[in-house]
Amino acid sequence: MLRLKEIRKEYEVGNTKVEALKGIDLSFRQNEFVSILGPSGCGKTTMLNIIGGLDKYTTGDLFINGRSTKEFKDSDWDVYRNKRIGFIFQSYNLIPHQTILGNVELALTIAGVSKTERTARAKKALDKVGLQGQYNKKPNQLSGGQSQRVAIARALVNDPEILLADEPTGALDTVTSVQIMDLIKEIAKDRLVIMVTHNPELANEYSTRIIKLLDGELQSDSNPFTEKNEIKETNKRNELLKKEINEPNKEKAKMSFFTSFKLSLQNLFTKKARTILTSIAGSIGIIGVSLVLALSFGLQTQIDNMQNDMLSGNPIEIRKTAMDINAMQNMMTPEEKIEVIKEAGYINVNSMVEALMKRADNAGGLMVNNTITKDYVEYLNNAPSNSVAAILLNYGLDLTNNLYTDVYKSNNDNSDQMSLSTLRMIYTDMLKKTQYSEYSSLIGSLSENFMQVPNNEEYIKEQYNMLHGNYSKNKDEIMIVVNSDNQLNDLLLAQLGYYSQEEFINLIYKAGKSPLYNPSLERSKLSYDELIGKEFTWYPNDVVFNDPTDALAPFTYNSYQNDNFKNGLKLKITGILEPKEDINFGSLTSGFYYTEELANYVIESNNNSKITSYLKNNNLDAFYGMKTEVEQGSGVYKDLGITATYSFEFEGETYQSVSYLGKTDMMSAMLGSMMGGSVKEIPMVSLNELGGSDVPNQISIYPTDFENKKDLITYLDKWNQDIDIKVFDKVLKKADRVDIIYTDTLSIVMTMMSSLIDVITIALIGFTALSLLVSCVMIAIITYVSVVERTKEIGVIRSLGGRKKDVSYLFNAETFIIGATSGLIGVGVTYILSLAINGVVKPLVGMSIAIFPIHYALIMLLVSILLTVLSGLIPSRSAAKKDPVVALRTE
Ligand code: ADP
Ligand code: MG
């Protein structure tokens, strides 16, 4: 069965060698009860461990069933321990956090036996040692004798051929010792039992053979078994089992990862508090990183949403004057620094003049003038159709000089037919008569009363519902756009003549808390019929402006409609639009909208009118208000402002008034004075406003969506590149074109915001990653502590045939569980914190800024598991490498 040949064992202690076994030659029978006696330190345990495959001999050989173990690999030893050997120790070596049943099952668990079979066999083994019905007790609930019975059951459960017992009764009282010895004797009936003992009486009474050791050498053997006999017996046995002597054992002991997972889970359950604390600590880093990701993702999502939402309200624009972004970037790049040499006794002169001139040059280049040509408009019309939703060609028209409507002085008075410009002038003058004169510039402060609608009905209808009536299609059709609360503002309505003059002044009184305020004159609602019922008539310039009396005299303006008015175009209001619910930034602000058809009609009618021809002939782009001196022919100076004459009643008195026509554009006035021009030259009525230009002065291009916008930008950029471009079947060379600088405000803002978020995210992740690192180190330490704590268990598992792999699985499973728990806590807390953050922030800014998508959560969970397992890898490897003998000796 077993044969030791010249077995020597040396231990290295420091620099000296301790020889624990000094050449042992010994053979064992297949079935006998051997007791090994000898004083403490003579090498009994060492020999037993070598026989059991727990320890390796230094020289010599151990034959197991005739097979030499010289070439044994780790896996062979594992199988040998698991299948052939049962160990019993003096100190029982039960695993404290498992039940008795679990402890006994362990050997089978390691062998990969199925759960049901395992339980059945373990129970049978426990029954055999007299512990029936106590399966679920924990080791600390047992007496010494009972513990040793469990250990015996564990050793027997695999039905080993050899039982090794190292002082099994050393820690027991006499009565219990006898019981245990009876049990072992019973076991020895059909196998080889080798028992180390201190007690010669027990040895004499129970064993069939007594071997005495002294100082690592065989001293005596009461029933020797020769080498020849052992070989004979082994050959007979092998023949019976039909096994070759040298056939390596094919079966393998293996424990599944799932099993080690369960063992670890049980272990972690016994130290719940620590596991939870570790997991919480580990989760802090995960929470930090997750939260940063959630915020970054949330903000980015909101920006993307906002971008798509704002796209319709922020088209790409081509204006007469535009900011050149490239020039701006050039200006912001720092200038090359010239090396300056300091010389004792001198000061250096730096060239301020040059620097200033350079800066002025750069600043001048910042603003560029765009010259929009018909070719360019055609070029835009050919833009990829899937990228352009709508184009608005804005000719800079001002319809208010040419639109006439009924205006009432008071609610029970007759109406006057006057132009919208006239009404504006009346309100301005009227305000000047009140104590609120400083508010007179309120009038006309709305950018435009009548605006042009972008040329795509479908696009507009994607954003707006028809609240009433039909969509305008023709030149004489007008639409009203209200805001999301179905409102139009009073200032606009007043300037369009929807209020009587009395009602308008009442609005001023109310706002000014004047005692003259009359609540009964106030209207907070207008019916659709009232809105739609109002009539506006458009007249061409040649009707509205009176011919000059002589070649140089200015035109005069008809403030009121008179009998000579002809060729009018009656405008009908056909419908009312409201923004759809999910639209925050639509293409249209609230107000009155006319069609591109009307714009074209106005230009067609007015382009060659007398007043526009006059401006063109004199190379002027506008009539100016106030005193402007213009050289004409032989040096005659003239005031070119166009005056309007009108009258109004205010608080019982009638006033006659003369004003310059046109809106006072404060912005241009200020800019004019700053640019070194004279304040006197304020453009009042421009050629564009009069319909004198058939080339738009501003173009808005509405992209379909964000993706397609890129194509559009590429297309727009092409115009400025040095390539030929085909328009109208003609080829435009680079020299035939003037560069056009477009303004994409939305992109500039959004790109800045996105990159800002990116930078902040990276910085924050950097910081929070530090806490991840800290928790990794902590988990490594905790795993290491756990390894130290479970050293005994490692020894037991190894003695039962567990592989090194099984041991490392055990700790990897433990860190896996901790990592998963940390990850789950981290992700869970992130969700809760996100909710809390949104709860606080949403009422303030109207959107959720913390969004933690499920795939981020999964990734963070994986990161947590991965990092934790990685941190535990080194301690778990050290556990696997532990020498089982040393591990078992650890107390
Ligand atoms: P016994 O079991 O007979 O009391 P051991 O087999 O445990 O004796 O030890 C035999 C000798 O080998 C002793 O001198 C002991 O100190 C020494 N020894 C045992 N294990 C080791 C070890 N791991 N390292 C160094 N010396 C050891
Ligand atoms: Mg010993």
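Atoms within each ligand, like the ligands themselves, are counted from 1 in listed order. These numbers come from a predicted model, not from an experiment.
The only option from Lys115, Lys262, Arg121 that meets the salt bridge (Lys or Arg N to Asp or Glu O under 4.0 Å) definition with Glu105 turns out to be Lys115. The one candidate from Val193, Leu192, Thr208 that meets the side-chain contact (heavy atoms from CB on, under 4.5 Å) condition with Val34 is Leu192.
For atom 10 (C) of ligand 1, a protein heavy-atom neighbour is found at a distance under 4.0 Å. The protein does not reach atom 16 (O) of ligand 1 closely, with no heavy atom under 4.0 angstrom from it.
With respect to atom 2 (O) of ligand 1, the closest heavy atom belonging to the protein is Thr45 OG1, 2.6 Å. Summary of contacts: the protein heavy atom closest to atom 27 (C) of ligand 1 is Tyr11 CD1, 3.2 Å. Looking at atom 6 (O) of ligand 1, its nearest protein heavy atom turns out to be Thr46 OG1, 2.5 Å.
If you number the atoms of ligand 1 from 1 as listed, the ones under 4.0 Å from a heavy atom of Ser40 come out as 4 (O).
Using a 4.0 Å cut-off between charged side-chain N and carboxylate O, Lys804 and Asp78 make no salt bridge. Classification of Lys5 and Glu227 as a salt-bridged pair holds, one side-chain N sitting under 4.0 Å from a carboxylate O.
Residue Tyr784 places its OH atom among 12 or fewer non-hydrogen atoms of other residues, nucleotides or ligands, all under 6.0 Å distant. Counting non-hydrogen atoms of other residues, nucleotides and ligands closer than 6.0 Å to CD1 of Ile874 gives a total of 12 or fewer. Enclosure of atom NZ in Lys882 by more than 12 non-hydrogen atoms of other residues, nucleotides or ligands within 6.0 angstrom is indicated.
Here Lys124 pairs with nothing under the salt bridge (Lys or Arg N to Asp or Glu O under 4.0 Å) rule; sequence neighbours left out. For the ring-ring contact (aromatic ring centres under 6.0 Å, His included) test, no residue two or more places apart in sequence or in another chain qualifies with Phe811. Checked against ring-ring contact (aromatic ring centres under 6.0 Å, His included), Phe72 has the following partners two or more places apart in sequence or in another chain: Trp77.
Distances from atom 1 (P) of ligand 1 to the heavy atoms of Gly38, Gly14, Gly41, Ala20 show the closest one on Gly41.
Neighbouring protein atoms of the Mg ion (ligand 2) (N, O or S, distance under 2.8 Å, waters ignored): Thr45 OG1.
With a 4.0 Å cut-off on non-hydrogen atoms, Val13 touches ligand 1 through its side chain and not its backbone.
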